Visitor: 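Handing you a structure now.
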Amino acid sequence: MDKIREKTRVIPAEPKRYGKVSTVIGTIVECTGLQACVGEIYSIHTQTGKIIASEVVGIRDKETLLMPYDRIEGLKAGCLVELSSRPMTLAIGNDMLGRVVDADGMPIDNKGPILNGEHQPVYNEPPGPLSRGRINSPMFTGVRAIDAINTIGQGQRMGIFAGSGVGKSVLLGMIARSSSADVNVIAL
């Protein structure tokens with residue numbers, strides 16, 4: 001009987017971690033009572049019953065600093081903070097094609113929820129630059145100035161940086177409409 005007990009040793013589950021909101025300063029929520037690590041996701045239970053997902057962005061003395069992913073109405077000192085059951089993920093698959101989603105991966109195009117897809121963590125290590133395939137062929141964007149002067153390759157990542165109000169979003173819209181690509185991933 002003792003041998004059976006040794007083989008079926010029960011490992012105690014990690015206790016849930018709870019804390020309380022102590023201060024709200026702008027968009028930073030300070031909490032006490034958490035044993036948090038930077039990058040963990042916590043749920044803040046507001047007075048209105050809404051649950052706001054938040055990420056640990058810093059630790060100062062015995063205070064944990066959280067950055068909410070949503071608006072913070074109904075939040076005040078004393079609100080319960082609870083460790084989320086999983087890291088932040090997005091459903092990636094064919095159902096994402098042609099959809100418009102917000103920063104949390106929730107559809108905002110009135111076409112219903114995204115039902116199928118494999119959940120992938122938001123924070124992954126990027127692939128190594130030497131393990132990526134070579135870019136050999138151009139991608140035609142339909143914008144003559146880009147195609148002639150600053151040709152983009154198929155599979156290339158590209159950032160567009162400029163001041164506000166100069167047409168970055170308009171340029172992205174032109175590329176999305178006129179490009180020869182099967183799939184465009186555009187993040188604003």
Side-chain angles (χ1 to χ4, degrees), residues 8-93 95-129 157-169 172 184-188:
T8 60
R9 196 179 103 208
V10 176
I11 299 170
E14 182 180 325
K16 283 196 164 240
R17 294 190 270 178
Y18 297 96
K20 291 196 180 250
V21 172
S22 59
T23 313
V24 180
I25 303 171
T27 58
I28 296 290
V29 178
E30 294 183 5
C31 301
T32 57
L34 298 176
Q35 297 174 343
C37 296
V38 173
E40 286 183 325
I41 307 297
Y42 280 81
S43 300
I44 303 174
H45 299 262
T46 66
Q47 294 295 313
T48 60
K50 184 178 177 183
I51 298 175
I52 302 171
S54 304
E55 181 178 343
V56 176
V57 294
I59 299 168
R60 176 178 29 192
D61 298 326
K62 296 189 183 219
E63 299 273 323
T64 303
L65 307 175
L66 299 173
M67 179 69 68
Y69 289 144
D70 203 354
R71 299 174 66 170
I72 56 175
E73 285 98 17
L75 194 59
K76 69 177 195 173
C79 287
L80 178 69
V81 180
E82 176 184 16
L83 179 64
S84 182
S85 59
R86 62 183 174 98
M88 186 174 181
T89 61
L90 291 176
I92 305 298
D95 286 358
M96 285 285 282
L97 293 175
R99 301 300 301 270
V100 179
V101 296
D102 64 10
D104 297 324
M106 303 307 294
I108 56 174
D109 56 5
N110 297 325
K111 292 183 180 178
I114 297 171
L115 300 174
N116 297 322
E118 181 182 340
H119 280 269
Q120 294 289 327
V122 171
Y123 300 110
N124 276 330
E125 290 295 319
R157 296 178 185 186
M158 183 184 74
I160 299 174
F161 303 96
S164 60
V166 296
K168 297 180 297 294
S169 299
L172 287 172
N184 290 307
V185 178
I186 298 173
L188 300 173

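Computed from a predicted structure; not experimentally measured.
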Visitor: Can you pull out every salt bridge (Lys or Arg N to Asp or Glu O under 4.0 Å) where at least one residue sits in residues 67-77? Sequence neighbours excluded, please.
Guide: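 Output for this query lists Lys50-Asp70, Arg71-Glu73.
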
Visitor: I'd like to check the salt bridge (Lys or Arg N to Asp or Glu O under 4.0 Å) partners of Glu63; sequence neighbours left out, ordered by chain and number.
Guide: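 Expected list: none.
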
Visitor: Taking only residues two or more places apart in sequence, or in another chain, which ones meet Pro113 in a side chain to side chain contact (heavy atoms under 4.5 Å, CB included)?
Guide: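 With neighbours one apart ignored, the set is Leu115.
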
Visitor: Going by the salt bridge (Lys or Arg N to Asp or Glu O under 4.0 Å) test, which pairs reach into residues 112-122, not counting sequence neighbours?
Guide: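 The answer is none; no pair qualifies.
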
Visitor: Using the side-chain contact (heavy atoms from CB on, under 4.5 Å) rule, take Thr27 and Ile72 through it: C-alpha gap first, then chi angles, then the decisive distance, then the call.
Guide: CA-CA 8 Å; Thr27 58; Ile72 56 175; 5.5 Å; no

Visitor: Nearest 0.5 Å, please: how far is CG in Leu75 from CD in Gln47?
Guide: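 The distance works out to 8.5 Å.
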
Visitor: Kindly indicate whether the side chain of Ile52, heavy atoms from C-beta on, has any atom under 4.5 Å from the side chain of Val29.
Guide: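 With C-beta onward as the side chain, the pair stays apart.
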
Visitor: Please check: side-chain N/O of Ser43 versus main-chain N/O of Ser84, any donor-acceptor pairing under 3.5 Å?
Guide: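 Here the side-chain-to-backbone pair does not exist.
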
Visitor: Rounded to the nearest 0.5 Å, how far apart are CG of Leu172 and CD1 of Ile160?
Guide: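 Leu172 atom CG to Ile160 atom CD1 measures 4.0 Å (nearest 0.5 Å).
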
Visitor: Not counting sequence neighbours, which residues clear salt bridge (Lys or Arg N to Asp or Glu O under 4.0 Å) with Asp61? List them please.
Guide: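 By the salt bridge (Lys or Arg N to Asp or Glu O under 4.0 Å) rule, Asp61 matches no residue at all.
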
Visitor: Only counting residues at least two apart or in another chain, list the ones meeting side chain to side chain contact (heavy atoms under 4.5 Å, CB included) with Gln35.
Guide: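 Checked Gln35 against side chain to side chain contact (heavy atoms under 4.5 Å, CB included); matches are Arg17.
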
Visitor: Do you know which two heavy atoms are closest between Pro68 and Ser54, and how far apart they sit?
Guide: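 That closest heavy-atom pairing would be CA-OG, 3.4 Å.
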
Visitor: Hey, are the side chains of Cys31 and Leu66 touching, using non-hydrogen atoms and a 4.5 Å cut-off?
Guide: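 They are in side-chain contact.
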
Visitor: CD1 of Ile51 to NE2 of His45: how many Å apart, nearest 0.5 Å?
Guide: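 The CD1 atom of Ile51 sits 4.5 Å away from the NE2 atom of His45.
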
Visitor: How close do Val56 and Ala36 get, heavy atom to heavy atom, and via which atoms?
Guide: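 That would be CG2-CB, 3.9 Å.
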
Visitor: State, yes or no, whether a side-chain contact exists between Val24 and Glu30 at a heavy-atom distance under 4.5 Å.
Guide: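 Heavy-atom side-chain distance check fails, nothing below 4.5 Å.
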
Visitor: Is the backbone of Arg99 close enough, under 3.5 Å, to the side chain of Lys111 for a donor and an acceptor to pair up by distance?
Guide: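 Not at all, since once roles are kept as given, no pair shorter than 3.5 Å links the two residues.
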
Visitor: Working to the nearest 0.5 Å, report the span between CG of Asn116 and CG of Asp95.
Guide: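 Output value for this atom pair is 4.5 Å.
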
Visitor: When rounded to the nearest 0.5 angstrom, what distance separates CG in Asp102 from CG in Asp109?
Guide: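 Answer for the CG-CG pair, Asp102 versus Asp109, is 10.5 Å.
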
Visitor: First locate atom OH of Tyr18, then atom CG of Leu83, and finally report the distance between them rounded to the nearest 0.5 Å.
Guide: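 Answer for the OH-CG pair, Tyr18 versus Leu83, is 9.0 Å.
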
